[in-house]
2 protein chains.
Amino acid sequence: MDIYEESLDLHKKNGGKIEVIAKVALENKKDLSLAYSPGVAAVSRAISEDKSVARELTIKKNTVAIVSDGSAILGLGNLGPYAALPVMEGKAALFKHFADVDAFPLCIDTQEVDEIVDFVKKVAPTFGGINLEDISAPRCFEVEQRLMEELDIPVMHDDQHGTAVVVLAGLINALKLRGSEKKDIKVVVNGVGAAGVAITKILLDWGVTNIVLCDSQGIICHERTGLNDTKVKLMKVTNGGGVCGMLRDALEDTDVFIGVSVANVLKPEALQIMNEKPIIFALANPEPEIMPDDAKDAGAFVVATGRSDFPNQVNNVLAFPGIFRGALDNGVIQFKDEMFVDAAKAIAQCVENPTVDMVIPDPFDERVPKAVAQVIK
Amino acid sequence: MDIYEESLDLHKKNGGKIEVIAKVALENKKDLSLAYSPGVAAVSRAISEDKSVARELTIKKNTVAIVSDGSAILGLGNLGPYAALPVMEGKAALFKHFADVDAFPLCIDTQEVDEIVDFVKKVAPTFGGINLEDISAPRCFEVEQRLMEELDIPVMHDDQHGTAVVVLAGLINALKLRGSEKKDIKVVVNGVGAAGVAITKILLDWGVTNIVLCDSQGIICHERTGLNDTKVKLMKVTNGGGVCGMLRDALEDTDVFIGVSVANVLKPEALQIMNEKPIIFALANPEPEIMPDDAKDAGAFVVATGRSDFPNQVNNVLAFPGIFRGALDNGVIQFKDEMFVDAAKAIAQCVENPTVDMVIPDPFDERVPKAVAQVIK
């Protein structure tokens, strides 16, 4: 039985991976009168006089909504809200397990930006934070941006920032091992979807200056037509040399390849035109842009993937639980770019003695969410 | 310290009365690959091929949304979604405790009928049922009706049907004790909000034929002007004698008074114009229409209230957990009027030997939710 059959079996047996339980006793009439009517009236009254105390007296204190429209589920594509539900449940389970955050999935039956924004704004009173998930690019950028501006609770699209934080964490350690400085390196990011955009931004925020972006049509450069707004904006802050062409053209003199694209697009021979000891993040799932062994054989210095069966797994679970834990504990009402950079540094530091096979902590390293939470403030 | 101060303390200490926990192990990479990526992809694919299996493989199987706009919170009025949250959390805790239903509160920032309907429709894929709560009349009728028609999961406004079911349960036993037949009695329902309307409907469905409704302006009769649609409709199936006037005029020759109105509107002397051994349901909270001792002194045969400190408490917790338990277990996609009547009969039967002080089961009687669940099919 493979992992997929086994997972189906687990879901058939459980019928849902999370449950909602009471934290208060409900054994007798006194308990009921305290947790519910009539005692709870005092709590409602207190909140109606000052809604900010909802953050102390209700689940708003520790609860995050995981909102998805099912438009970009894992690597599966647009399968809609029903198919998104088991993924979001899994995520909620991880939130609780890794950072004691109560998270609840809301898979919604619309893929219109205005309607998603409107939905989240309506439900926001209930929650202390919003984790957007598996919403396809470029809609995800506008949804996140508008919600960040309009809500008084923190909003994060995890496919963007969760991934970007862990990539930067791994890159920090990989560059240290390689003896390279961020200001000296050239990075190629292949794939300009949610993750690619956020990775590019966090690298710029951290201080990498020479980045070239590629999508399936080639390098994002001045000769390209029909680029979406996001790509046009990024073109202005990347590709300083104005190079045009395909991925292979971008790779010349490159120190770091970061793929958030599709399987097998990085051929082993392409590593020969990169600088010596190239760092390869091949994050396409489940099949990476290049298999780690092939990359190593072709001279790669460090290889990271999205897979748990190879070293250096870029796993968002290293980031999102601690990020929201910190936001809830420290009263953060809006995530800032520098918080994500700080989170990456904190994750990197959890690896005390980095090696080429250990630039990223183990996803079960309990110090990680705590370290991340401390810097989200 | 009174119950209100004690409740505030409990909420300060807990900061939320429910939590979301994992039902699956997450101790190692294998666990993660089954509950989350990559294994969960098989579950998403299965659901994308046949969305009905979401009812087997996800939280949709056992999870109910408690949706409130905060417009009619307990007896406190329109305090909005933030103030509604502790009440809905309490309700979620009761759902789990009494019927192992996972329930999650969604307190939303709109009080427009169209927007509430739209919100619930968007979030419906996530849930196996919708419990509407503390939405003021008459908007609640349209919200419920439209959602029932448009969704493929059961929808119930608990302030209507939960209360109505428990009232009918108590009435069944009270009439048995009094030796009265449903076809022979006259009932006055005072208060034509959410609960009053649903009580009237369930009495008609059960077979009571002589009902007179009163609101704060007096009897609902042909002389009244400016009645809302709901009251106009109910006028056509009640008050067969066409009596007009005030509550006192309605009470003549009446066997049963059901108040879902405000404190102290039923004067002890008014019981003198009712038939002998009147049955009094004085359900205004926290102060009933008449205090039980005063009603007894004035000749009442059975008195029920909403309070836990007197006999015969009409407590919705006897109804809603079992109703949704049954709906989820038995694949009910729309509640029908006869289900509510059956639920009331099932609750009534849980009192093996009714007495005037025990026409309604104790809210902690564990047989009740099971008995109710069995008839919701």
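So you know, we letter chains A, B, ... as the sequences are listed, proteins then strands, and number each from 1.
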Practice task
Kindly indicate, with the supporting measurements, whether the criterion side chain to side chain contact (heavy atoms under 4.5 Å, CB included) is fulfilled by A:F104 and B:D102.
Solution key: CA-CA 11 Å; A:F104 197 84; B:D102 297 303; over 6 Å; no

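With a threshold of 4.5 angstrom between heavy atoms, A:L57 approaches chain B through its backbone and through its side chain. Contacts between A:E89 and chain B at a heavy-atom distance below 4.5 Å involve the side chain alone, from C-beta outward. Of the two parts of B:N14, the backbone and the side chain both hold a non-hydrogen atom closer than 4.5 Å to a non-hydrogen atom of chain A. In this structure, chain A has heavy atoms under 4.5 Å from both the backbone and the side chain of B:F119. Within the 4.5 angstrom heavy-atom criterion, atoms from both the backbone and the side chain of A:A35 approach chain B. Using a 4.5 Å cut-off between heavy atoms, A:E49 does not touch chain B at all. For B:D362, the part sitting under 4.5 Å from any heavy atom of chain A is the side chain, from C-beta outward, and nothing else. Using a 4.5 Å cut-off between heavy atoms, B:K91 touches chain A through backbone and side chain atoms alike. With a 4.5 angstrom heavy-atom cutoff, B:L32 touches chain A only via side-chain atoms. Contact of B:I108 with chain A is made through backbone and side chain together, with heavy-atom distances under 4.5 Å. Heavy atoms closer than 4.5 Å to chain B are found nowhere in A:P286, neither backbone nor side chain. Heavy atoms of A:L74 lying under 4.5 Å from chain B belong exclusively to its side chain. B:N315 touches chain A through its side chain: at least one heavy atom from C-beta onward sits under 4.5 Å away, while N, CA, C and O do not. Both the backbone and the side chain of B:L26 come within less than 4.5 Å of a heavy atom in chain A. Neither the backbone nor the side chain of A:F95 comes within less than 4.5 Å of any heavy atom of chain B. Both the backbone and the side chain of B:A41 come within contact range of chain A, with heavy atoms under 4.5 Å apart. For B:L76, the part lying near chain A is the side chain, with the backbone staying farther off; criterion is any non-hydrogen pair under 4.5 Å.
Across all their heavy atoms, A:I18 and B:K23 have their closest contact at O-CD, 3.5 Å. Of all the heavy atoms in A:P125 and B:L85, the pair that sits closest is O-CD2, 4.0 Å. Of all heavy-atom pairs spanning B:T126 and A:C107, the tightest one is OG1-N, 2.8 Å.
Of the listed residues (B:K121, B:E115, B:R307, B:M88), the greatest number of heavy-atom pairs within a distance under 4.5 Å of chain A belongs to B:E115. With respect to chain A, the highest number of heavy-atom pairs below 4.5 Å among B:A124, B:A93, B:A83, B:A84 belongs to B:A83. Chain B forms the most heavy-atom pairs under 4.5 Å with one residue out of A:S37, A:G15, A:A42, A:A22, and that residue is A:G15. In terms of non-hydrogen atom pairs under 4.5 Å with chain B, the most contact-rich of A:V43, A:V24, A:V101, A:N28 is A:V43. Interface check for chain B: of the options A:L94, A:T110, A:N62, the most heavy-atom pairs under 4.5 Å are formed by A:L94. Ranked by non-hydrogen atom pairs under 4.5 Å with chain B, the options A:K12, A:R55, A:E6, A:K13 are led by A:E6. Between chain A and the options B:D69, B:L34, B:I47, the largest number of non-hydrogen pairs under 4.5 Å is found for B:L34. Contact count versus chain A (heavy atoms, under 4.5 Å) is highest, among B:K61, B:K122, B:K96, for B:K122. Of all the listed residues (B:I73, B:I21, B:I3, B:D109), the one sharing the greatest number of non-hydrogen pairs under 4.5 Å with chain A is B:I21. Most heavy-atom pairs under 4.5 Å with chain A: of the set B:A54, B:A92, B:S33, this distinction falls to B:S33.
A:F127 has its side chain within reach of B:L106: a pair of non-hydrogen atoms, C-beta onward, lies under 4.5 Å apart. Side-chain atoms of B:Y4 and A:P38, non-hydrogen and from C-beta on, do get closer than 4.5 Å to each other. For the pair B:F364/A:K29, a side-chain contact is recorded, criterion being any heavy-atom separation below 4.5 Å from C-beta on. Proximity of B:I59 to A:K17: side-chain heavy atoms (C-beta onward) are nowhere separated by under 4.5 Å. Here the side chains of B:S44 and A:V87 are in contact, with some heavy-atom distance below 4.5 Å. Between B:H11 and A:V40, the closest side-chain pair of non-hydrogen atoms falls below 4.5 Å.
The environment of CD in A:E5 is crowded: more than 12 heavy-atom neighbours from other residues, nucleotides or ligands sit within 6.0 Å.
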